[in-house]
Amino acid sequence: MNKNFYITTPIYYPSGKPHMGHAYSSIVADIFARFKRLENYNVLFLTGTDEHGQKIQKEAKKNNKDPKIFCDELSETFKSLTKILNLSNNDFIRTTEKRHHKSVIEIWNRLVESGDIYLDKYSGWYSVSDEAFYDEDEIENINQKKVSKSSGSTVEWVEEESYFFKLSSWSNKLLEFYNTNPNFILPTSRKNEVVKFVEKGLKDLSISRTSFKWGIPVPKNEKHVIYVWLDALTNYISALNFPDIKDKKFKDFWPADIHIIGKDILRFHAVFWPAFLLAAKLPLPKKVFGHGWILSDDKKMSKSLGNILDPIEIIDKYGVDQLRYYLVKEVSLGNDGSISMENLKNCINNDLANNYGNLCQRVFSFIKKNCDNKIPKSSTLDNLDKKLLDNLRNNIPKLINLMNKQDLNEYIKMVVNFSFEANKYFNDSEPWAIKKKKPERMKTILHTIVQQIKNITILLSPIIPNATDKVFSIMNLSNENITIDKINDDNFINYEKKLDNLEILFNKIENDN
RNA sequence: GGCGAGGUAGCUCAGUUGGUUAGAGCACAGGACUCAUAAGCCUGGGGUCGGCGGUUCGAAUCCGCCCCUCGCUACCA
């Protein structure tokens, strides 16, 4: 059985500062990556930045900087985001790196060789101010001038020499692939959109530009640079040392198990990318998951609405686990989801502080006061105890399955429910009432609840790694050894050493801000 | 316009092939307890399941029409 797992985020275009959408893609991917590690997989988790293009070139010029140096700075802010979000990525790729350059050139050459690239003219109505091309039906005549219907800016007819990729010839192959790989595009609703789009027939794709220089030059025709998608998407194999397909990395990790992306770039990943790969005679990734957008109070975040929620500000104020947990608990993966400070506060207080955090607190402090601060070992579990533990253990296959089909919300729901159950168990068992009369029973209860805390903590570790690391460390467990298997292992607990100092895991958010 | 998804408690949503008094979390109200971050536990109120009509012994669930919301409809990423 193949125990390698390759997961990616999009590479981010660093023309602006990181926003909630970047954070969300990255957090989701990180959770799946961490869960796969719990399952003992050898995981490669890649993220990075997409640094070429006209926008960057212009910005660099405006700032009077060499584009590469300019990109070094921009990329750094995204690299620092991986730390801020506590991502477990093992690589960070930049499209301005040599390894990527090599890889893109090889892809280009392969497409030339297969006859999928030809030179022609790209023409259309172009608006300089919008930096966009418009279709005939998107423009209108006003005062004998052609203007864009949407922006009102004037457009002019431009023709530019460009290389094209014969995307049109791959429609059937793509449809066949979608058909034989029904889980390639998820969620299914998005798959239907893509299939309908491809069924309408595909146009060839312009894959080079002569209007700017900041990019990878086309081999043997350096007037052109290779344009965005062919450049950007290739990052996923550049990081595996493509074109060296005999390299261990490439052999171990290609095809990718899953590309996590936002719905706005689904087409590029579900249509262009597989077409490029088919033409280049490379295997296609196994899955592309297009998640929804994060809305703020039901609206798209925008400067003019003044409703931007900045991930870094939220993390500074409330903490990274808090943001991670909230995003994946409240937003249904695959659908757009609305977030608000009010809900964030409720979510942190209820689930993290009162439920899981306080569960750890009440149990560990009870042990400190009544058991010389050592976790009691007991083998005389009664039915109530076994029921608590078994309910979680029996659900492990289901939980694994949920994660493997990216049903993150259902997974969290189940895990939180275990935490509810554990609180109820502790309440109902009332160890404080029997500590004098039945000390053995009290020990059994504590033994049981600590097992359960350990198990819940393992399951939560992909989502809130900072907090769960603290819990493991209070229990004198090294978080490097944590795997799903340990859920079934009572002896994984350290019964000898005294519990380390416990601290509040999640502070409650007060109303007054 | 075309194709697609959806309208279920104040909010976010679950509701399997139609079957008894429609569920969960949050929010709200009351109760007993005290190990704990005034946390946890128990109980409760609240819904004409978008509207109208039909099929059926029986429909949130199937069919028809209507109203509303949202997504996709290619080269900024």
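Fair warning: this is a prediction, and the values are worked out from it, not measured in the lab. First the proteins, then the strands, lettered A, B, ... as listed; each starts at 1.
- Within 4.0 Å (heavy atoms only), F197(A) reaches at least one base atom of the nucleic acid.
- Counting non-hydrogen atoms under 4.0 angstrom, S365(A) reaches the backbone sugars and phosphates but no base.
- When ring centroids are compared, W108(A) and Y163(A) come within the 6.0 Å threshold.
- Distances were taken from every side-chain heavy atom of D50(A) (C-beta onward) to each of rA74(B), rU37(B), rA77(B); the shortest belongs to rA77(B).
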Check the pair K345(A) / E342(A) against side-chain contact (heavy atoms from CB on, under 4.5 Å), numbers first and verdict last. CA-CA 5 Å; K345(A) 194 198 80 187; E342(A) 176 70 16; 4.2 Å; yes
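- The aromatic ring of F366(A) does not stack onto the base of rC35(B), failing the criterion of a centre distance under 5.5 Å from the six-membered base ring together with planes under 30° apart.
- At the heavy-atom level, L266(A) lies nowhere under 4.0 Å from the strands shown.
- For residues 413-437 of chain A, the ring-ring contact (aromatic ring centres under 6.0 Å, His included) pairs, not counting sequence neighbours, are F426(A)-W432(A).
- For RNA chain B, each stem of at least three Watson-Crick or G-U pairs (distances under 3.5 Å) is given as range with range: B:1-7 with B:67-73, B:10-13 with B:23-26, B:28-31 with B:41-44, B:50-54 with B:62-66.
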Find every protein N or O atom lying less than 3.5 Å from an N or O atom of nucleotides 40-46 of chain B, and list the pairs.
| unit_1 | atom_1 | unit_2 | atom_2 | d |
| --- | --- | --- | --- | --- |
| rG40(B) | O2' | R362(A) | NH1 | 3.0 |
| rG40(B) | O2' | N427(A) | OD1 | 2.8 |
| rG40(B) | N2 | N427(A) | ND2 | 3.0 |
| rG40(B) | N3 | N427(A) | ND2 | 3.2 |
| rC41(B) | O4' | N427(A) | ND2 | 2.9 |

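- Distance, W229(A) CH2 to rA77(B) C1': 6 Å, rounded to whole Å.
- Straight-line distance from the CG atom of L359(A) to the C1' atom of rA39(B): 11 Å, rounded to whole Å.
- Separating the CG atom of L352(A) from the P atom of rA39(B) is a distance of 15 Å, rounded to the nearest angstrom.
- A side-chain donor-acceptor contact under 3.5 Å links E160(A) and T210(A).
- In this entry the distance linking CD1 of I294(A) with P of rU12(B) reads 15 Å, nearest Å.
- At the heavy-atom level, K196(A) lies under 4.0 Å from the strands shown only through sugar-phosphate atoms.
- Among the heavy atoms of the strands, none lies under 4.0 Å from N335(A).
- In terms of phosphate contacts, K329(A) brings no side-chain nitrogen or oxygen within less than 4.0 Å of OP1 or OP2 of rC26(B).
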